[in-house]
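Just so it is clear, the values below take in all heavy atoms, side chains as well, and ignore hydrogens, waters and symmetry mates.
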Amino acid sequence: MRSHPGGLKARKKDVDAFINQARAKYVGFVIENADNDTLAGLPRPIRDSICVMKEHVYKSLGEQQAEEEERVTDSKLTRPDQEPVPCIHQPTEDLYAAMLPHLPQYMIALLKILLAAATTVKAKSDSINILVDVLPEEMPTTVVQSMKLGIDVNRHKEIVIKALSSLLLLLLKHTKVNHIFQFEFISQHLVFANCIPLILKFFNQNISAFVSVKNNINDLDFPRFLYSGATVELTAESLEAASEIPFCWRNLFSCINLLRILQKLVKWKHSRTMMMVVFKSSPILKRAMKVKHPLMQLYILKLLKLQARYLGKIWRKSNMKVLAAIYHRVRHRLNDDWAFGNDVDARPWDFQAEEVALRSRVEHFNVRRYDEGNEEEPSGDVMSDLLQKVDNNPLSCMGQHVVLPQHFKDNYAAWLQDEVYQSKSCLPDLDESGLLVKGNLVLESDKSSPWNWVSDL
(Lines give C-alpha, C1' and ligand atoms only; values in the text may rest on other atoms or scores of the structure.)
Protein backbone atom coordinates (compact mmCIF):
# COMPACT_ATOMS: atom_id res chain seq x y z
CA MET A 1 0.00 0.00 0.00
CA ARG A 2 1.36 3.40 -0.97
CA SER A 3 1.65 5.76 2.03
CA HIS A 4 1.19 9.48 1.70
CA PRO A 5 4.20 11.58 2.75
CA GLY A 6 1.99 13.79 4.93
CA GLY A 7 0.78 10.92 7.09
CA LEU A 8 -2.73 9.88 8.05
CA LYS A 9 -5.16 12.17 9.85
CA ALA A 10 -8.43 11.80 11.71
CA ARG A 11 -10.78 14.41 13.12
CA LYS A 12 -12.15 14.12 16.63
CA LYS A 13 -15.58 14.50 15.10
CA ASP A 14 -14.99 11.41 12.94
CA VAL A 15 -13.79 9.41 15.96
CA ASP A 16 -16.91 10.33 17.95
CA ALA A 17 -19.16 9.41 15.03
CA PHE A 18 -17.41 6.04 14.64
CA ILE A 19 -17.82 5.28 18.36
CA ASN A 20 -21.52 6.20 18.29
CA GLN A 21 -22.12 3.98 15.27
CA ALA A 22 -20.30 1.09 16.97
CA ARG A 23 -22.32 1.54 20.17
CA ALA A 24 -25.57 1.63 18.23
CA LYS A 25 -24.64 -1.57 16.41
CA TYR A 26 -23.11 -3.70 19.18
CA VAL A 27 -24.53 -2.24 22.40
CA GLY A 28 -27.90 -1.08 21.19
CA PHE A 29 -27.96 2.55 22.31
CA VAL A 30 -26.17 5.83 21.75
CA ILE A 31 -25.18 8.17 24.56
CA GLU A 32 -25.38 11.81 23.58
CA ASN A 33 -22.40 13.94 24.65
CA ALA A 34 -20.86 10.95 26.42
CA ASP A 35 -17.25 10.28 27.38
CA ASN A 36 -15.81 8.41 24.43
CA ASP A 37 -12.89 7.06 26.45
CA THR A 38 -15.09 4.27 27.79
CA LEU A 39 -15.35 1.44 25.27
CA ALA A 40 -17.21 -1.13 27.34
CA GLY A 41 -19.27 -3.64 25.39
CA LEU A 42 -17.49 -3.14 22.07
CA PRO A 43 -15.62 -5.97 20.32
CA ARG A 44 -11.85 -6.02 20.45
CA PRO A 45 -11.33 -5.23 16.72
CA ILE A 46 -13.52 -2.14 17.13
CA ARG A 47 -11.57 -1.06 20.20
CA ASP A 48 -8.28 -1.49 18.32
CA SER A 49 -9.65 0.58 15.42
CA ILE A 50 -10.66 3.34 17.82
CA CYS A 51 -7.21 3.33 19.41
CA VAL A 52 -5.57 3.68 15.99
CA MET A 53 -7.86 6.57 15.09
CA LYS A 54 -7.14 8.33 18.40
CA GLU A 55 -3.40 8.05 17.75
CA HIS A 56 -3.84 9.97 14.48
CA VAL A 57 -6.28 12.62 15.69
CA TYR A 58 -5.28 15.96 14.23
CA LYS A 59 -6.69 19.30 15.32
CA SER A 60 -5.93 22.10 12.91
CA LEU A 61 -5.14 25.65 13.89
CA GLY A 62 -8.51 26.78 12.63
CA GLU A 63 -10.35 24.31 14.85
CA GLN A 64 -8.38 25.48 17.87
CA GLN A 65 -9.16 29.11 17.11
CA ALA A 66 -12.86 28.33 16.63
CA GLU A 67 -13.02 26.48 19.97
CA GLU A 68 -11.23 29.36 21.71
CA GLU A 69 -13.66 31.86 20.22
CA GLU A 70 -16.63 29.75 21.29
CA ARG A 71 -15.25 29.48 24.83
CA VAL A 72 -14.79 33.25 25.04
CA THR A 73 -18.31 33.86 23.74
CA ASP A 74 -19.88 31.42 26.22
CA SER A 75 -17.91 32.73 29.22
CA LYS A 76 -17.99 36.42 28.40
CA LEU A 77 -19.39 37.46 31.79
CA THR A 78 -17.53 34.97 33.96
CA ARG A 79 -14.00 35.02 32.52
CA PRO A 80 -13.41 38.29 30.68
CA ASP A 81 -9.75 38.33 31.67
CA GLN A 82 -9.03 35.26 29.52
CA GLU A 83 -10.25 36.85 26.32
CA PRO A 84 -7.62 36.57 23.58
CA VAL A 85 -6.01 39.85 22.62
CA PRO A 86 -5.83 40.52 18.85
CA CYS A 87 -2.41 40.72 17.26
CA ILE A 88 -2.43 44.46 16.64
CA HIS A 89 1.03 44.73 15.12
CA GLN A 90 0.64 41.93 12.59
CA PRO A 91 0.23 43.09 8.97
CA THR A 92 -2.60 40.63 8.35
CA GLU A 93 -4.54 41.87 11.37
CA ASP A 94 -4.09 45.51 10.35
CA LEU A 95 -5.13 44.74 6.78
CA TYR A 96 -8.29 42.87 7.86
CA ALA A 97 -9.29 45.61 10.31
CA ALA A 98 -8.88 48.24 7.61
CA MET A 99 -10.80 46.21 4.99
CA LEU A 100 -13.63 45.07 7.26
CA PRO A 101 -16.04 48.06 6.83
CA HIS A 102 -16.03 47.73 3.03
CA LEU A 103 -14.82 44.17 2.51
CA PRO A 104 -17.85 42.99 0.44
CA GLN A 105 -17.29 45.84 -2.02
CA TYR A 106 -13.61 44.97 -2.30
CA MET A 107 -14.35 41.33 -3.10
CA ILE A 108 -16.92 42.29 -5.73
CA ALA A 109 -14.48 44.74 -7.33
CA LEU A 110 -11.75 42.10 -7.58
CA LEU A 111 -14.12 39.57 -9.12
CA LYS A 112 -15.37 42.17 -11.62
CA ILE A 113 -11.82 42.73 -12.82
CA LEU A 114 -11.31 38.97 -13.06
CA LEU A 115 -14.54 38.70 -15.03
CA ALA A 116 -13.40 41.39 -17.45
CA ALA A 117 -10.06 39.62 -18.01
CA ALA A 118 -11.53 36.13 -18.52
CA THR A 119 -11.68 35.15 -22.18
CA THR A 120 -14.50 32.62 -21.78
CA VAL A 121 -17.03 35.04 -20.26
CA LYS A 122 -18.80 37.52 -22.49
CA ALA A 123 -18.25 41.07 -21.29
CA LYS A 124 -21.31 43.17 -20.55
CA SER A 125 -21.76 46.79 -21.45
CA ASP A 126 -21.06 47.93 -17.86
CA SER A 127 -17.92 45.82 -17.46
CA ILE A 128 -14.61 47.30 -16.38
CA ASN A 129 -12.26 48.38 -19.15
CA ILE A 130 -8.90 46.85 -18.27
CA LEU A 131 -7.23 47.73 -21.59
CA VAL A 132 -6.93 51.48 -21.02
CA ASP A 133 -3.19 51.30 -20.37
CA VAL A 134 -2.52 49.03 -23.34
CA LEU A 135 -4.44 50.51 -26.25
CA PRO A 136 -2.51 53.30 -28.02
CA GLU A 137 -3.98 56.67 -28.87
CA GLU A 138 -3.64 55.96 -32.57
CA MET A 139 -4.67 52.68 -34.10
CA PRO A 140 -1.90 50.61 -35.77
CA THR A 141 -1.41 51.06 -39.48
CA THR A 142 0.88 48.13 -40.35
CA VAL A 143 0.57 44.39 -39.98
CA VAL A 144 3.47 44.19 -37.53
CA GLN A 145 1.94 46.85 -35.28
CA SER A 146 -1.41 45.07 -35.34
CA MET A 147 0.21 41.75 -34.40
CA LYS A 148 2.18 43.40 -31.60
CA LEU A 149 -0.97 45.10 -30.24
CA GLY A 150 -2.89 41.81 -30.25
CA ILE A 151 -0.08 40.08 -28.36
CA ASP A 152 0.08 42.96 -25.85
CA VAL A 153 -3.68 42.85 -25.21
CA ASN A 154 -3.72 39.08 -24.59
CA ARG A 155 -0.59 39.29 -22.45
CA HIS A 156 -2.11 42.10 -20.38
CA LYS A 157 -5.22 39.98 -19.67
CA GLU A 158 -3.04 37.05 -18.64
CA ILE A 159 -1.06 39.26 -16.25
CA VAL A 160 -4.29 40.59 -14.71
CA ILE A 161 -5.62 37.06 -14.13
CA LYS A 162 -2.29 35.98 -12.65
CA ALA A 163 -2.16 38.98 -10.29
CA LEU A 164 -5.77 38.66 -9.12
CA SER A 165 -5.57 34.90 -8.54
CA SER A 166 -2.36 35.35 -6.56
CA LEU A 167 -3.87 38.20 -4.53
CA LEU A 168 -6.99 36.23 -3.59
CA LEU A 169 -5.00 33.12 -2.74
CA LEU A 170 -2.54 35.01 -0.52
CA LEU A 171 -5.41 36.82 1.20
CA LEU A 172 -7.16 33.54 2.00
CA LYS A 173 -3.97 31.84 3.17
CA HIS A 174 -2.80 34.64 5.46
CA THR A 175 -6.21 35.23 7.03
CA LYS A 176 -6.63 31.50 7.62
CA VAL A 177 -3.37 31.43 9.57
CA ASN A 178 -4.18 34.64 11.45
CA HIS A 179 -7.73 33.63 12.46
CA ILE A 180 -10.13 31.13 10.95
CA PHE A 181 -13.15 33.46 11.23
CA GLN A 182 -11.39 36.12 9.17
CA PHE A 183 -10.89 33.49 6.47
CA GLU A 184 -14.53 32.39 6.72
CA PHE A 185 -15.79 35.97 6.44
CA ILE A 186 -13.81 36.59 3.24
CA SER A 187 -14.82 33.18 1.87
CA GLN A 188 -18.50 33.87 2.48
CA HIS A 189 -18.40 37.15 0.59
CA LEU A 190 -16.52 35.52 -2.28
CA VAL A 191 -19.24 32.88 -2.47
CA PHE A 192 -21.96 35.55 -2.28
CA ALA A 193 -20.25 37.36 -5.17
CA ASN A 194 -20.49 34.20 -7.35
CA CYS A 195 -16.81 33.35 -7.22
CA ILE A 196 -17.48 29.61 -7.62
CA PRO A 197 -19.43 29.83 -10.91
CA LEU A 198 -16.96 32.43 -12.19
CA ILE A 199 -14.02 30.06 -11.71
CA LEU A 200 -15.96 27.20 -13.27
CA LYS A 201 -16.78 29.37 -16.29
CA PHE A 202 -13.10 30.21 -16.59
CA PHE A 203 -12.22 26.50 -16.77
CA ASN A 204 -15.04 25.81 -19.21
CA GLN A 205 -12.69 26.21 -22.17
CA ASN A 206 -9.88 24.36 -23.83
CA ILE A 207 -7.47 24.53 -20.90
CA SER A 208 -4.75 22.71 -22.80
CA ALA A 209 -4.77 25.42 -25.46
CA PHE A 210 -4.95 28.16 -22.84
CA VAL A 211 -1.90 26.79 -21.02
CA SER A 212 0.12 26.22 -24.19
CA VAL A 213 -0.62 29.58 -25.84
CA LYS A 214 2.36 31.95 -25.97
CA ASN A 215 1.50 35.63 -26.05
CA ASN A 216 5.12 36.70 -25.81
CA ILE A 217 7.67 38.34 -28.08
CA ASN A 218 10.96 36.53 -27.61
CA ASP A 219 13.09 39.53 -28.58
CA LEU A 220 11.34 41.71 -25.97
CA ASP A 221 11.20 39.19 -23.13
CA PHE A 222 12.99 39.84 -19.88
CA PRO A 223 15.94 39.35 -19.38
CA ARG A 224 16.89 38.80 -23.03
CA PHE A 225 16.02 42.38 -23.97
CA LEU A 226 17.96 43.70 -20.97
CA TYR A 227 21.08 41.71 -21.79
CA SER A 228 21.04 42.59 -25.48
CA GLY A 229 21.01 46.35 -24.83
CA ALA A 230 20.24 47.09 -28.46
CA THR A 231 17.09 48.28 -30.16
CA VAL A 232 15.23 45.33 -31.62
CA GLU A 233 13.51 45.71 -34.96
CA LEU A 234 10.33 43.67 -34.95
CA THR A 235 9.26 41.72 -38.01
CA ALA A 236 6.44 39.32 -38.74
CA GLU A 237 8.87 36.39 -38.50
CA SER A 238 10.17 37.46 -35.08
CA LEU A 239 6.63 37.87 -33.75
CA GLU A 240 5.66 34.38 -34.91
CA ALA A 241 8.83 32.76 -33.56
CA ALA A 242 8.03 30.04 -31.05
CA SER A 243 9.40 30.02 -27.54
CA GLU A 244 11.61 27.28 -26.16
CA ILE A 245 9.19 26.59 -23.27
CA PRO A 246 6.41 24.16 -24.28
CA PHE A 247 3.80 25.95 -22.13
CA CYS A 248 2.97 29.40 -20.80
CA TRP A 249 4.04 29.39 -17.16
CA ARG A 250 1.91 32.47 -16.48
CA ASN A 251 -1.36 30.80 -17.50
CA LEU A 252 -0.44 27.55 -15.77
CA PHE A 253 0.26 29.46 -12.56
CA SER A 254 -3.12 31.23 -12.81
CA CYS A 255 -4.99 27.94 -13.31
CA ILE A 256 -3.33 26.38 -10.25
CA ASN A 257 -4.14 29.45 -8.14
CA LEU A 258 -7.80 29.43 -9.17
CA LEU A 259 -8.08 25.72 -8.38
CA ARG A 260 -6.56 26.29 -4.95
CA ILE A 261 -8.99 29.15 -4.28
CA LEU A 262 -11.91 26.94 -5.27
CA GLN A 263 -10.66 24.13 -3.06
CA LYS A 264 -10.33 26.46 -0.05
CA LEU A 265 -13.85 27.78 -0.54
CA VAL A 266 -15.58 24.38 -0.68
CA LYS A 267 -13.49 22.29 1.73
CA TRP A 268 -15.65 20.93 4.58
CA LYS A 269 -18.60 22.98 3.26
CA HIS A 270 -21.30 20.63 2.02
CA SER A 271 -23.58 23.41 0.75
CA ARG A 272 -20.82 24.86 -1.45
CA THR A 273 -19.89 21.40 -2.67
CA MET A 274 -23.50 20.89 -3.71
CA MET A 275 -23.27 24.22 -5.54
CA MET A 276 -20.44 22.76 -7.63
CA VAL A 277 -22.55 19.68 -8.33
CA VAL A 278 -25.47 21.85 -9.45
CA PHE A 279 -23.19 23.79 -11.81
CA LYS A 280 -21.98 20.46 -13.32
CA SER A 281 -18.35 21.03 -12.46
CA SER A 282 -17.25 17.40 -12.75
CA PRO A 283 -17.02 17.29 -16.59
CA ILE A 284 -15.29 20.69 -16.59
CA LEU A 285 -12.69 19.53 -14.09
CA LYS A 286 -12.29 16.22 -15.86
CA ARG A 287 -11.41 18.01 -19.12
CA ALA A 288 -8.85 20.08 -17.25
CA MET A 289 -7.09 16.83 -16.30
CA LYS A 290 -5.63 16.78 -19.82
CA VAL A 291 -3.00 19.26 -18.67
CA LYS A 292 -0.12 17.02 -17.63
CA HIS A 293 1.08 18.96 -14.62
CA PRO A 294 1.19 17.09 -11.27
CA LEU A 295 0.26 20.01 -9.00
CA MET A 296 -2.67 21.08 -11.17
CA GLN A 297 -3.96 17.53 -11.42
CA LEU A 298 -3.66 17.13 -7.64
CA TYR A 299 -6.04 20.01 -6.90
CA ILE A 300 -8.44 18.84 -9.61
CA LEU A 301 -8.56 15.42 -7.96
CA LYS A 302 -9.14 17.04 -4.57
CA LEU A 303 -12.15 18.91 -5.95
CA LEU A 304 -13.52 15.76 -7.56
CA LYS A 305 -13.02 13.87 -4.30
CA LEU A 306 -15.13 16.40 -2.41
CA GLN A 307 -18.16 15.95 -4.66
CA ALA A 308 -17.82 12.24 -5.52
CA ARG A 309 -20.39 11.21 -2.89
CA TYR A 310 -23.06 13.39 -4.54
CA LEU A 311 -22.50 12.30 -8.15
CA GLY A 312 -24.16 8.90 -7.89
CA LYS A 313 -23.22 5.33 -8.71
CA ILE A 314 -23.45 5.75 -12.47
CA TRP A 315 -20.83 8.49 -12.48
CA ARG A 316 -18.50 6.49 -10.24
CA LYS A 317 -18.94 3.41 -12.42
CA SER A 318 -18.05 5.30 -15.60
CA ASN A 319 -15.11 7.19 -14.06
CA MET A 320 -13.09 4.43 -12.43
CA LYS A 321 -9.83 5.92 -13.71
CA VAL A 322 -10.56 9.16 -11.88
CA LEU A 323 -11.36 7.25 -8.67
CA ALA A 324 -8.15 5.26 -9.02
CA ALA A 325 -6.16 8.47 -9.46
CA ILE A 326 -7.81 9.92 -6.33
CA TYR A 327 -6.91 6.82 -4.32
CA HIS A 328 -3.35 6.94 -5.63
CA ARG A 329 -2.50 10.63 -5.28
CA VAL A 330 -4.81 12.33 -2.75
CA ARG A 331 -4.34 11.84 0.97
CA HIS A 332 -7.21 10.09 2.73
CA ARG A 333 -8.32 10.37 6.30
CA LEU A 334 -8.93 7.37 8.48
CA ASN A 335 -12.50 6.09 8.11
CA ASP A 336 -12.90 8.30 5.04
CA ASP A 337 -15.95 7.23 3.00
CA TRP A 338 -15.73 9.96 0.38
CA ALA A 339 -16.83 7.64 -2.44
CA PHE A 340 -20.13 6.76 -0.71
CA GLY A 341 -23.08 8.73 0.56
CA ASN A 342 -22.82 7.63 4.19
CA ASP A 343 -21.65 10.91 5.71
CA VAL A 344 -24.01 12.07 8.42
CA ASP A 345 -23.09 15.72 7.80
CA ALA A 346 -23.93 15.42 4.10
CA ARG A 347 -27.70 15.53 4.58
CA PRO A 348 -29.21 18.08 2.21
CA TRP A 349 -31.64 19.53 4.76
CA ASP A 350 -28.73 20.64 6.97
CA PHE A 351 -27.01 22.73 4.29
CA GLN A 352 -28.82 25.98 4.99
CA ALA A 353 -28.50 25.61 8.76
CA GLU A 354 -24.76 25.04 8.39
CA GLU A 355 -24.22 28.31 6.51
CA VAL A 356 -26.49 30.30 8.84
CA ALA A 357 -24.69 29.01 11.95
CA LEU A 358 -21.28 29.81 10.48
CA ARG A 359 -22.37 33.29 9.46
CA SER A 360 -23.73 33.98 12.94
CA ARG A 361 -20.45 32.95 14.59
CA VAL A 362 -18.43 35.11 12.21
CA GLU A 363 -20.66 38.12 12.87
CA HIS A 364 -20.26 37.63 16.62
CA PHE A 365 -16.49 37.52 16.16
CA ASN A 366 -16.38 40.72 14.12
CA VAL A 367 -18.64 42.62 16.51
CA ARG A 368 -16.76 41.52 19.61
CA ARG A 369 -13.29 42.12 18.23
CA TYR A 370 -13.54 45.09 15.87
CA ASP A 371 -16.47 47.23 17.03
CA GLU A 372 -14.83 48.62 20.16
CA GLY A 373 -14.29 52.05 18.64
CA ASN A 374 -17.98 52.48 17.76
CA GLU A 375 -19.36 52.36 21.28
CA GLU A 376 -20.45 56.00 21.26
CA GLU A 377 -22.34 55.62 17.99
CA PRO A 378 -25.32 53.27 18.39
CA SER A 379 -25.53 50.81 15.54
CA GLY A 380 -29.29 50.29 15.73
CA ASP A 381 -28.81 46.52 15.51
CA VAL A 382 -30.14 44.66 18.53
CA MET A 383 -27.69 41.78 18.09
CA SER A 384 -24.72 44.13 17.77
CA ASP A 385 -25.78 46.01 20.91
CA LEU A 386 -26.13 42.76 22.86
CA LEU A 387 -22.64 41.68 21.88
CA GLN A 388 -20.94 44.78 23.23
CA LYS A 389 -18.51 44.25 26.08
CA VAL A 390 -19.98 44.45 29.60
CA ASP A 391 -18.11 45.62 32.68
CA ASN A 392 -18.88 42.92 35.26
CA ASN A 393 -16.33 43.97 37.89
CA PRO A 394 -18.23 45.11 41.04
CA LEU A 395 -15.41 47.42 42.15
CA SER A 396 -15.32 49.34 38.89
CA CYS A 397 -19.12 49.46 38.59
CA MET A 398 -19.65 50.72 42.16
CA GLY A 399 -16.75 53.14 41.83
CA GLN A 400 -18.14 54.96 38.79
CA HIS A 401 -19.02 58.58 39.32
CA VAL A 402 -22.70 59.12 38.51
CA VAL A 403 -23.92 62.68 38.05
CA LEU A 404 -27.54 63.08 39.17
CA PRO A 405 -29.66 65.94 37.83
CA GLN A 406 -30.57 68.76 40.20
CA HIS A 407 -34.33 68.23 39.94
CA PHE A 408 -33.83 64.65 41.11
CA LYS A 409 -31.92 65.80 44.16
CA ASP A 410 -34.57 68.41 45.00
CA ASN A 411 -37.46 65.92 44.78
CA TYR A 412 -35.69 62.81 46.13
CA ALA A 413 -37.57 62.82 49.45
CA ALA A 414 -40.96 63.08 47.73
CA TRP A 415 -40.03 60.33 45.26
CA LEU A 416 -38.92 58.05 48.11
CA GLN A 417 -42.22 58.61 49.93
CA ASP A 418 -44.42 58.02 46.87
CA GLU A 419 -42.56 55.23 45.08
CA VAL A 420 -41.02 53.25 47.94
CA TYR A 421 -42.82 53.63 51.24
CA GLN A 422 -46.40 54.11 50.02
CA SER A 423 -46.27 51.85 46.96
CA LYS A 424 -48.41 48.71 46.96
CA SER A 425 -46.56 45.40 46.79
CA CYS A 426 -47.69 41.95 45.69
CA LEU A 427 -45.84 40.45 48.66
CA PRO A 428 -47.30 41.07 52.14
CA ASP A 429 -44.15 40.00 54.08
CA LEU A 430 -42.91 43.50 54.91
CA ASP A 431 -42.09 45.02 58.26
CA GLU A 432 -43.25 48.45 59.39
CA SER A 433 -40.29 50.25 57.77
CA GLY A 434 -41.10 48.80 54.35
CA LEU A 435 -38.04 46.54 54.18
CA LEU A 436 -38.27 43.14 52.49
CA VAL A 437 -38.45 40.23 54.91
CA LYS A 438 -38.39 37.35 52.40
CA GLY A 439 -38.99 36.84 48.71
CA ASN A 440 -38.61 39.37 45.95
CA LEU A 441 -40.22 42.79 46.13
CA VAL A 442 -42.28 43.59 43.01
CA LEU A 443 -43.66 47.14 43.00
CA GLU A 444 -46.77 48.06 41.06
CA SER A 445 -45.81 51.55 39.91
CA ASP A 446 -48.55 54.04 39.13
CA LYS A 447 -48.46 54.92 35.44
CA SER A 448 -49.72 58.42 36.22
CA SER A 449 -47.07 59.10 38.83
CA PRO A 450 -44.81 62.08 38.02
CA TRP A 451 -41.80 60.12 39.26
CA ASN A 452 -41.77 57.42 36.54
CA TRP A 453 -38.98 59.30 34.74
CA VAL A 454 -36.58 58.23 37.49
CA SER A 455 -36.61 54.63 36.22
CA ASP A 456 -35.10 55.84 32.97
CA LEU A 457 -31.91 57.09 34.64
Side-chain angles (χ1 to χ4, degrees), residues 106-170 193-195 197-259 261 284 287-288 290-293 296:
Y106 294 152
M107 297 299 105
I108 293 175
L110 291 176
L111 293 182
K112 280 186 176 180
I113 299 175
L114 183 62
L115 177 64
T119 58
T120 57
V121 183
K122 294 182 179 180
K124 297 182 180 179
S125 58
D126 57 345
S127 61
I128 301 175
N129 186 8
I130 61 174
L131 302 177
V132 177
D133 299 331
V134 181
L135 296 178
E137 297 180 358
E138 298 180 358
M139 296 304 295
T141 57
T142 62
V143 177
V144 176
Q145 293 178 355
S146 300
M147 294 176 62
K148 181 178 180 299
L149 180 60
I151 294 175
D152 288 341
V153 169
N154 294 331
R155 179 174 176 272
H156 182 72
K157 289 183 178 180
E158 294 174 359
I159 292 175
V160 170
I161 296 175
K162 171 179 173 289
L164 286 177
S165 60
S166 304
L167 178 62
L168 291 175
L169 181 60
L170 288 175
N194 293 328
C195 181
L198 176 59
I199 296 178
L200 293 178
K201 284 184 179 180
F202 177 83
F203 280 95
N204 191 16
Q205 60 175 320
N206 190 355
I207 296 294
S208 300
F210 177 75
V211 171
S212 60
V213 69
K214 301 178 184 64
N215 292 312
N216 293 324
I217 302 175
N218 296 332
D219 295 335
L220 299 180
D221 278 349
F222 182 86
R224 179 182 298 180
F225 178 77
L226 182 64
Y227 288 158
S228 62
T231 303
V232 179
E233 183 178 355
L234 297 179
T235 60
E237 291 76 10
S238 62
L239 293 177
E240 294 178 354
S243 176
E244 297 83 0
I245 304 176
F247 60 88
C248 180
W249 62 270
R250 187 189 306 113
N251 294 344
L252 183 62
F253 180 74
S254 302
C255 292
I256 295 175
N257 287 343
L258 292 175
L259 289 173
I261 292 171
I284 298 175
R287 286 196 301 268
K290 296 179 180 179
V291 179
K292 303 302 181 182
H293 190 274
M296 184 173 175

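- Between the CG atom in L135 and the CG atom in N129 there is a gap of 7.0 Å [rounded to 0.5 Å].
- With sequence neighbours left out, F210 forms a ring pair (Phe, Tyr, Trp, His ring centres under 6.0 Å) with F202.
- The distance from atom CG of L115 to atom CD1 of I161, rounded to the nearest 0.5 Å, is 10.5 Å.
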Using side-chain contact (heavy atoms from CB on, under 4.5 Å), reason through K157 and N215 one step at a time and then give a plain yes or no. CA-CA 10 Å; K157 289 183 178 180; N215 292 312; over 6 Å; no
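- In this view, N204 and I284, R287 satisfy the side-chain contact (heavy atoms from CB on, under 4.5 Å) rule, not counting sequence neighbours.
- Residues meeting the salt bridge (charged side-chain N to carboxylate O under 4.0 Å, His left out) test with R155, sequence neighbours left out: none.
- Pairing each heavy atom of F253 with each of K162, the nearest pair is CD2-CG, 3.8 Å.
- The list of salt bridge (Lys or Arg N to Asp or Glu O under 4.0 Å) pairs with a residue in residues 109-119, not counting sequence neighbours, is empty.
- Rounded to the nearest 0.5 angstrom, N257 CG and L252 CG are separated by 9.5 Å.
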**Report entry** Worked verdict on M107 versus L110 for side-chain contact (heavy atoms from CB on, under 4.5 Å)
**Finding:** CA-CA 5 Å; M107 297 299 105; L110 291 176; 4.1 Å; yes
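- The CD1 atom of I207 sits 5.5 Å away from atom CE of M296, with the distance rounded to the nearest 0.5 Å.
- To the nearest 0.5 Å, atoms NZ (K214) and CG (N154) are separated by 14.0 Å.
- Taking all atoms of both residues into account, the shortest heavy-atom contact from A288 to F203 is CB-CD2, 4.4 Å.
- Closest approach of L111 and C195 over heavy atoms only: CD1-CB, 3.8 Å.
- Proximity of C255 to V211: side-chain heavy atoms (C-beta onward) are separated by under 4.5 Å at one or more points.
- In this structure, the separation between OG on S254 and CG on L164 is 9.5 Å, given to the nearest 0.5 Å.
- Scored by the side-chain contact (heavy atoms from CB on, under 4.5 Å) test, V134 finds D152, V153, H156 as partners (sequence neighbours excluded).
- In this structure the side chain of P136 reaches within 4.5 angstrom of the side chain of L149, judged on heavy atoms.
- Under the side-chain contact (heavy atoms from CB on, under 4.5 Å) criterion, K290 pairs with S208, not counting sequence neighbours.
- The nearest pair of heavy atoms linking L258 to I199 is O-CD1, 3.9 Å.
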